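Computed from a predicted structure; not experimentally measured. Here, residue 1 is the first one in the sequence, and each next residue gets the next number.
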Amino acid sequence: MRAVGDILRLNARRFPRKPGFRFGAGSLTFEQADEMANRAANGLRRIGVNPGDRVAMLALNRLDYLPLFFGTVRTGAMSVPLNFRCSVDELAYMLDDAQVATMLVGPGFEAVALALRERVRCLEALVAIGGGPDAGPMTPLDALLAAASPEAPGTAIDEASGAVIFYTSGTTGHPKGVVLSHRSIVEGACQTALVARIRSSDTALVTVPLFHGGGLAVVSMSHLYLGAGLVIHDKADPGEALRSIAGDGITTYFGVPSQLFAMLEHPDLKDADLGSLRSLWYGAAPMPPVVLQRLQAMLPRLDFVQTYGQTETTLTACLGPEEHFSKPGATGRELPGVEIRVVDDEGREVSPGGVGEILVRRESGMIGYYGNPQQTAETIRDGWIHTGDLARIDEDRYITIVDRKKDMILSGGENIYPKEVEDVLLQHPAVAQVAVIGVPDERWGEVPKAYVVPRPAAAADAAVLEAWCMERLARYKRPRHWSFVQGLPMTATGKVRKNLLREIDRQAGEAR
């Protein structure tokens with residue numbers, strides 16, 4: 001298996017009549033999906049898509065999302081899945097940055113797509129996936145597929161060539177286009193399937209967005225690699241997820257921590273039939289220990305799998321089912337074929353128990369940031385990807401994520417890791433969510449500030465939480481400032497946008 005498109009092709013050969021993709025009342029067998037991918041590839045070639053081109057997709061999760069993705073990469077072009085939650089300005093930046101000429105447009109995004117074509121000079125062809133009355137001058141996908149051959153396009157694919165450009169979440173400024181090769185996607189799928197013990201008989205529930213590496217590359221491709229089926233939802237609704245697990249025979253569910261917290265709080269959980277569920281995956285953002293403990297207490301028979309990686313590295317480490325008991329609290333150990341180092345600011349490996357930045361080396365990591373050799377060189381040095389994540393490493397080479405390097409607070413010469421403070425605050429019964437950032441202080445340089453989302457009808461104020469922290473945190477780690485809010489700004493994958501919180505605090509400080 002050398003190219004991403006081979007994953008679907010081989011499933012169509014091995015399991016032709018097996019439902020590979022289900023969405024709502026609709027389904028596609030692997031054979032049907034493979035034919036759709038071939039038609040999409042041949043249709044895109046007819047409208048001018050060539051190897052090396054970039055083809056964007058702006059759509060919610062849907063039944064044909066992945067077959068269209070496979071079709072795109074079978075042309076030799078690179079797929080650019082777009083975050084549908086982004087503004088027109090943000091989308092225009094990505095399209096221009098990747099020099100996208102063709103875009104597949106899902107229902108409900110027609111007006112956005114037409115506005116983007118007016119603003120982005122390189123964007124020429126729009127293909128309407130829905131083909132409804134709002135499609136206007138776009139090429140209807142149905143007509144494109146009907147006129148195209150169902151035979152494999154026969155394009156020679158180099159496994160080292162780019163398959164997909166994932167745009168980072170932009171928590172530190174403009175998003176960057178991470179180019180992953182065919183080999184990277186296929187190898188990562190194989191490694192994940194091996195460590196997570198996926199079976200061809202499994203059925204995974206996919207509620208995370210398919211524009212993100214976690215939904216497309218990690219969960220979907222690892223299951224498809226072995227011929228397991230997917231049930232796809234277009235949003236992460238805890239009640240719908242619980243009903244789908246019971247009704248669709250789901251064996252694997254991946255959720256970001258915020259989704260799993262919402263499931264824990266859902267009133268239907270106590271009566272839900274989860275008998276088919278075998279494995280619960282989590283990742284993409286730090287998991288608060290108190291949430292994991294509650295999940296393990298409520299679902300003791302499940303295999304828990306923690307995943308760690310970045311868009312730039314793909315999946316890097318896993319904490320398997322047994323390791324949740326032998327290494328509680330750890331993030332995981334590197335996957336086969338992946339090397340991890342944890343180094344200090346001088347590039348020296350830290351001793352077991354020390355904290356340093358995670359560096360990753362793998363033969364099939366990212367090719368680089370699209371069109372940005374300077375940032376690529378800053379991130380990949382001597383073959384090692386510098387992640388910006390801080391972790392402890394133990395004598396058995398298990399890492400435990402401490403925080404993002406850019407989020408660390410330096411207060412009076414002491415390092416404060418916001419995640420540690422957040423984990424303590426989340427143990428308080430009145431706290432639903434919390435984010436801690438560093439804010440300027442004349443005496444200490446920086447001090448912690450906590451943004452707290454209280455539970456409904458809970459009595460949470462600064463005095464109560466200060467007393468809670470006094471018993472559990474060193475004095476210098478305790479928040480000096482508090483803000484009680486209704487919600488936190490989040491990325492599409494459940495990460496708190498701390499850069500936005502810092503900007504809000506900066507502007508508030510200037511206004512005072």
Side-chain angles (χ1 to χ4, degrees), residues 1-15 18 20-21 30 33-34 37 61 65-74 78-79 81 157-166 178-206 208-232 251-254 279 281-284 303 305-320 332-338 360 362-367:
M1 193 181 299
R2 297 173 58 85
V4 172
D6 291 339
I7 294 176
L8 182 57
R9 177 179 64 84
L10 294 177
N11 281 338
R13 178 184 296 179
R14 293 187 299 161
F15 312 109
K18 180 178 180 176
F21 307 91
F30 280 125
D34 187 58
N61 288 6
Y65 195 111
L66 287 167
L68 294 176
F69 165 78
F70 281 114
T72 297
V73 298
R74 283 181 179 177
M78 287 183 275
S79 176
I157 304 293
D158 181 353
E159 65 177 9
S161 65
V164 62
I165 302 176
F166 287 119
V178 177
V179 184
L180 297 179
S181 68
H182 285 262
R183 181 180 179 183
S184 177
I185 299 293
V186 173
E187 184 179 281
C190 175
Q191 291 168 326
T192 306
L194 175 67
V195 174
R197 305 175 188 173
I198 297 172
R199 308 167 184 170
S200 62
S201 58
D202 280 334
T203 301
L205 176 58
V206 181
V208 291
L210 288 169
F211 65 71
H212 186 266
L216 194 154
V218 177
V219 180
S220 298
M221 291 300 149
S222 63
H223 282 79
L224 293 174
Y225 185 86
L226 290 181
L230 305 178
V231 173
I232 298 165
T251 62
T252 306
Y253 179 52
F254 173 90
S279 183
W281 297 17
Y282 62 95
D303 287 344
V305 177
Q306 180 173 194
T307 64
Y308 166 73
Q310 292 184 337
T311 311
E312 289 85 344
T313 65
T314 66
L315 193 64
T316 300
C318 272
L319 190 73
R333 188 161 57 175
E334 60 252 88
L335 296 176
V338 178
V360 175
R362 60 186 308 165
E363 290 188 20
S364 56
M366 74 168 183
I367 296 173

Provide the closest heavy-atom pair for [X] versus [Y] in the form atom of the first, atom of the second, distance.
X      : Y      : answer
Arg199 : Leu226 : N-CD1, 4.5 Å
Ala37  : Leu8   : CB-CD2, 3.9 Å
Ser161 : Asp158 : OG-O, 2.6 Å
Ser181 : Ile367 : CB-CD1, 3.9 Å

Taking the side chain as every heavy atom from C-beta outward, state whether [X] and [Y] have any atom pair closer than 4.5 Å.
X      : Y      : result
Val186 : Glu159 : no
Val219 : His212 : no
Glu187 : Thr314 : no
Phe70  : Asp34  : no
Val360 : Val338 : yes
Leu315 : Leu335 : yes
Leu210 : Pro81  : no
Leu216 : Val206 : no

- Message: Can you tell me if Arg13 has over 12 outside heavy atoms packed within less than 6.0 Å of its CZ?
- Response: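 Result for CZ/Arg13: open.
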Quick check for you: to the nearest 0.5 Å, what is the distance between [X] atom [atom1] and [Y] atom [atom2]?
X      : Y      : atom1 : atom2 : value
Cys190 : Arg183 : SG    : CZ    : 11.5 Å
Leu180 : Ile185 : CG    : CD1   : 4.5 Å
Leu224 : Leu230 : CG    : CG    : 4.5 Å
Thr316 : Glu334 : OG1   : CD    : 9.5 Å

- Task: Taking only Lys NZ, Arg NE, NH1 and NH2, and the carboxylate oxygens of Asp or Glu, determine whether Asp6 and Arg9 approach each other closer than 4.0 Å.
- Result: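 Yes, this pair counts.
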- Query: So Phe30 and Phe15, would you call those rings parallel, tilted or perpendicular, with 30° and 60° as cut-offs?
  - Reply: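 Because their plane-to-plane angle lies in the 30° to 60° range, the rings of Phe30 and Phe15 count as tilted.
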- Message: For a quick check under 3.5 Å, do Ser200 and Arg14 share a side-chain donor-acceptor pair by atom type?
- Response: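 Looking only at side-chain atoms, Arg14 and Ser200 do not form any donor-acceptor pair under 3.5 Å.
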Is a side-chain N or O of [X] found less than 3.5 angstrom from the main chain of [Y], in a donor-acceptor match?
X      : Y      : result
Gln191 : Pro336 : yes
Ser220 : Gly215 : yes
Thr313 : Thr311 : no
Asn61  : Val208 : yes
Thr192 : Gly188 : yes
Ser222 : Ala193 : no

- Task: Identify which one of Tyr253, Phe254, Phe21, Trp281 satisfies the ring pair (Phe, Tyr, Trp, His ring centres under 6.0 Å) criterion when paired with His223.
- Result: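 It is Trp281, the one option of Tyr253, Phe254, Phe21, Trp281 that forms the ring pair (Phe, Tyr, Trp, His ring centres under 6.0 Å) with His223.
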- Message: Set out, in order, the CA-CA distance, both residues' side-chain angles and the distance that settles side-chain hydrogen bond (donor to acceptor under 3.5 Å, both in side chains) for Ser279 and Arg197, then state yes or no.
- Response: CA-CA 9 Å; Ser279 183; Arg197 305 175 188 173; over 6 Å; no
- Can you name the one residue among Phe211, Phe69, Phe166 that meets side chain to side chain contact (heavy atoms under 4.5 Å, CB included) with Ser79?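 Only one option passes, and that is Phe69.
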